[in-house]
Amino acid sequence: PTDDESLLAVKDGDCDFAIVALQSWEQYKNDRDINSECNLSWVGRVIKFIDGGFATKNDAGVLCTSLIHDVLNIHLVEMHADGFIEK
């Protein structure tokens with residue numbers, strides 16, 4: 001599920017918690033559709049912080065740039081984790 005779907009599942013009582021990206025939490029914590037009763041809160045800590053940027057433009061699934069973004073992202077994350085980027 002997407003981060004917003006995960007947060008809605010918590011709001012609706014279908015899940016006890018959700019693990020979402022910090023950026024998503026910052027986006028949705030004040031969203032009236034997601035947190036209308038202001039009862040969702042951040043608990044815990046960041047599991048792993050990964051710097052990022054906009055190498056591609058997301059298109060919400062209309063074109064293939066979202067897929068390209070995800071493929072590039074996973075490869076860059078793996079290269080960084082392996083130490084290849086620092087070489």
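Count residues from 1 along the sequence.
Asp31 meets the side-chain hydrogen bond (donor to acceptor under 3.5 Å, both in side chains) test with no other residue; sequence neighbours excluded.
A donor-acceptor distance shorter than 3.5 angstrom exists from the side chain of Ser6 to the backbone of Thr2, with no hydrogens or angles considered. Counting only distance, with no hydrogens or angles, the side chain of Lys11 and the backbone of Asp33 share a donor-acceptor pair below 3.5 Å. Counting only distance, with no hydrogens or angles, the side chain of Asn35 and the backbone of Lys29 share a donor-acceptor pair below 3.5 Å. Checked by atom type and distance alone, the side chain of Asp3 never pairs as donor or acceptor with a backbone atom of Ser24 at under 3.5 Å.
Rounded to the nearest 0.5 Å, atoms CG (Leu7) and CD (Gln27) are 10.0 Å apart. A distance of 12.0 Å separates CD of Glu5 from CG of Asp14, quoted to the nearest 0.5 Å. Here Leu72 contributes atom CG and Met79 contributes atom CE; the two are 10.0 Å apart, rounded to the nearest 0.5 Å. Annotation: the span from Leu40 atom CG to Asn30 atom CG amounts to 11.0 Å, rounded to 0.5 Å.
Val46 and Tyr28 fall within the same hydrophobic cluster, where Ile, Leu, Val, Met, Phe, Trp and Tyr residues are linked whenever their side-chain heavy atoms come under 4.5 Å apart, directly or through other members.
Contact detail for Val10 and Phe17: the closest heavy-atom pair is CG2-C, 3.4 Å.
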